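The figures here come from the full heavy-atom set of this structure, side chains too, leaving out hydrogens, waters and symmetry mates. All values derive from a computational prediction rather than experimental measurement.
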Amino acid sequence: MNQPVNQFNRKEVLLAILVSSAVGAGAVGGGVFVHEQNEQHRYNIKNEIAIIEACRADRSGVSFGYEAQLRAQSRWDSCVCALQKTQKSYSWDDYRTKYRYFLTEFNAQHQQCLNSIR
């Protein structure tokens with residue numbers, strides 16, 4: 001997770017935005033309030049995607065077929081879930097200054113998210 005990802009395809013950016021919006025809308029319940037609540041714990045979208053991509057790449061193996069696609073989607077979903085939960089405790093400044101603590105919390109949240117998806 002130490003290497004930044006500089007290239008993002010349009011599908012990944014849209015997916016990250018949709019997932020974060022859907023989770024925020026489901027949890028809070030609509031309108032401008034959702035946007036404000038959701039943005040309160042958000043990092044820059046490029047940084048969010050880089051963290052998610054690094055998380056997903058850390059756990060990816062080479063496999064093919066429908067089952068492999070499901071596993072890849074599950075990895076993506078669990079990484080998004082972990083980031084959303086960890087962002088509530090770590091601001092962007094905390095991420096930069098307390099990266100080791102962020103990473104420990106992120107990994108713990110990732111495991112919880114993986115368990116809830118399975």
Side-chain angles (χ1 to χ4, degrees):
M1 286 201 40
N2 292 334
Q3 298 177 2
V5 177
N6 295 324
Q7 297 295 322
F8 310 108
N9 69 38
R10 184 181 173 128
K11 180 181 174 185
E12 291 170 339
V13 172
L14 291 174
L15 182 60
I17 292 168
L18 288 172
V19 167
S20 64
S21 297
V23 170
V28 180
V32 174
F33 185 64
V34 170
H35 179 71
E36 290 173 2
Q37 285 292 102
N38 215 19
E39 295 300 315
Q40 189 175 14
H41 300 290
R42 296 290 304 270
Y43 303 163
N44 177 297
I45 189 71
K46 289 181 181 180
N47 296 322
E48 287 183 350
I49 298 273
I51 292 167
I52 292 166
E53 281 294 330
C55 169
R56 189 178 73 154
D58 247 4
R59 292 151 178 86
S60 63
V62 177
S63 54
F64 303 96
Y66 180 70
E67 193 172 307
Q69 289 176 344
L70 289 177
R71 282 195 304 272
Q73 184 61 45
S74 176
R75 276 194 304 273
W76 176 270
D77 292 344
S78 64
C79 292
V80 169
C81 170
L83 180 59
Q84 289 174 333
K85 289 182 175 188
T86 306
Q87 282 178 322
K88 293 177 183 176
S89 301
Y90 288 86
S91 68
W92 178 245
D93 288 336
D94 290 339
Y95 170 84
R96 293 184 310 163
T97 60
K98 302 174 184 174
Y99 180 73
R100 288 184 185 185
Y101 298 110
F102 169 87
L103 193 54
T104 300
E105 177 68 17
F106 182 86
N107 288 330
Q109 293 294 345
H110 184 257
Q111 193 58 48
Q112 286 182 358
C113 290
L114 268 177
N115 292 337
S116 69
I117 290 172
R118 291 181 183 164

Exercise. Relative to each other, are the rings of Tyr95 and Tyr99 parallel, tilted or perpendicular (30° and 60° limits)?
Worked result: perpendicular
For this session: Find the distance between CG (Asn107) and SG (Cys55) and round it off to the nearest 0.5 Å.
Result: 7.5 Å
For this session: Any chance you could measure Glu48, atom CD, to Gln87, atom CD, to the nearest 0.5 Å?
Result: 4.5 Å
Problem set entry | Least distance between heavy atoms, Arg96 atom then Asp93 atom | NH2-OD1, 2.8 Å
For this session: From the options Gln109, Arg56, His110, select the one residue that forms a side-chain contact (heavy atoms from CB on, under 4.5 Å) with Ser78.
Result: His110
Problem set entry | Side-chain donor-acceptor pair present, Gln73, Asp77, cut-off under 3.5 Å | yes
Problem set entry | Heavy-atom check, side chain of Ile51 versus side chain of Tyr43, under 4.5 Å | yes
Exercise. Do the non-hydrogen side-chain atoms of Phe106 and Gln111 ever get within less than 4.5 Å of each other?
Worked result: no
For this session: Just jot down the salt bridge (Lys or Arg N to Asp or Glu O under 4.0 Å) partners of Lys98, sequence neighbours excluded, or say none.
Result: Asp94
Problem set entry | Cys113 and Cys79: CA distance, side-chain angles, deciding distance, disulfide (SG to SG under 2.5 Å) verdict | CA-CA 8 Å; Cys113 290; Cys79 292; over 6 Å; no
Problem set entry | Donor-acceptor contact below 3.5 Å, side chain Thr86 vs main chain Leu83 | no
